[in-house]
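All remarks here apply to the structure that follows.
Computed from a predicted model, the values in this text were never measured in an experiment. We use all heavy atoms of the structure for the numbers below, so side chains are in, but hydrogens, waters and symmetry mates are not.
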Amino acid sequence: QVQLVESGGGLVQAGGSLRLSCAASGRTFRSNAMGWFRQAPGKDREFVAAISWSGGSTDYADSVKGRFTISRDNAKNTVYLQMNSLKPEDTAVYYCAASLRPTPGRQSNWYAYWGQGTQVTVSS
């Protein structure tokens, strides 16, 4: 059974940092793109960042570009999201996703597997 488990969320003040992790089990994703999405209360789920199978290609939403960094460790079957200079508008549940394709995508239907999410709350 494939599982994606996010961790690292929490409460942080504006301007602070958090590092999210997403550990995959049940199969290896070293040949697959991975992504992060988020959903704030009352809003649709939105794309945050994605990374290709090798880590050589990344993509970011404009709202997080320059502040967030996605990376991966294929030996650990884990993807990370380093979030710096956090803002209250970054408050959301953050979801990890795994694609069956090697290249990153921004659409939810690009991804076949999803984690349960981890809450990130940024106070002003």
Any donor-acceptor N/O pair, [X] side chain to [Y] backbone, under 3.5 Å:
{"X": "Ser99", "Y": "Tyr111", "answer": "no"}
{"X": "Asn77", "Y": "Asn74", "answer": "no"}
{"X": "Arg38", "Y": "Val93", "answer": "no"}

(request) Heavy atoms only: give me the nearest Ala92-Ala40 pair and the separation to one decimal. (result) CB-N, 3.8 Å
Could you give the distance from [atom1] ([X]) to [atom2] ([Y]), rounded to the nearest 0.5 Å?
{"X": "Ser17", "Y": "Gln13", "atom1": "OG", "atom2": "CD", "result": "12.0 Å"}
{"X": "Gln3", "Y": "Ser25", "atom1": "CD", "atom2": "OG", "result": "4.5 Å"}
{"X": "Arg101", "Y": "Ser52", "atom1": "CZ", "atom2": "OG", "result": "15.0 Å"}
{"X": "Gln1", "Y": "Arg27", "atom1": "CD", "atom2": "CZ", "result": "14.0 Å"}
{"X": "Ser63", "Y": "Glu89", "atom1": "OG", "atom2": "CD", "result": "9.0 Å"}

(request) Please indicate whether Gln39 has more than 12 foreign heavy atoms, meaning atoms of other residues, nucleotides or ligands, lying under 6.0 Å from its CD. (result) yes
(message) Can you see whether Tyr95 has Arg45 sitting over its ring - NZ or CZ less than 6.0 Å from the centre and within 45° of the normal?
(response) yes
(request) Measure from NZ or CZ of Arg19 to the centre of the six-membered ring of Tyr80 and say whether it is under 6.0 Å with the direction within 45° of the ring axis. (result)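 Judged by the rule, Arg19 and Tyr80 form a cation-pi pair.
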(request) State, with a plain yes or no, whether a side-chain heavy atom of Cys96 is found less than 4.5 Å away from one of Trp114. (result) no
(request) Please examine the side chains of Ser57 and Pro104, heavy atoms only from C-beta on, and report whether any two atoms are closer than 4.5 Å. (result) yes
(message) Whether Asp62 and Lys65 form a salt bridge (side-chain N of Lys/Arg under 4.0 Å from carboxylate O of Asp/Glu) is what I want to check.
(response) yes
(request) Would you check if there is a donor-acceptor pair between the side chains of Arg30 and Asn32 at a distance under 3.5 Å? (result) no
(message) Suppose clustering is done on Ile, Leu, Val, Met, Phe, Trp and Tyr with side-chain heavy atoms closer than 4.5 Å. Which residues sit in the same group as Val12?
(response) Val2, Leu4, Leu18, Leu20, Phe29, Met34, Trp36, Val48, Ile51, Tyr60, Val64, Phe68, Ile70, Val79, Leu81, Met83, Leu86, Tyr94, Leu100, Tyr113, Val120, Val122
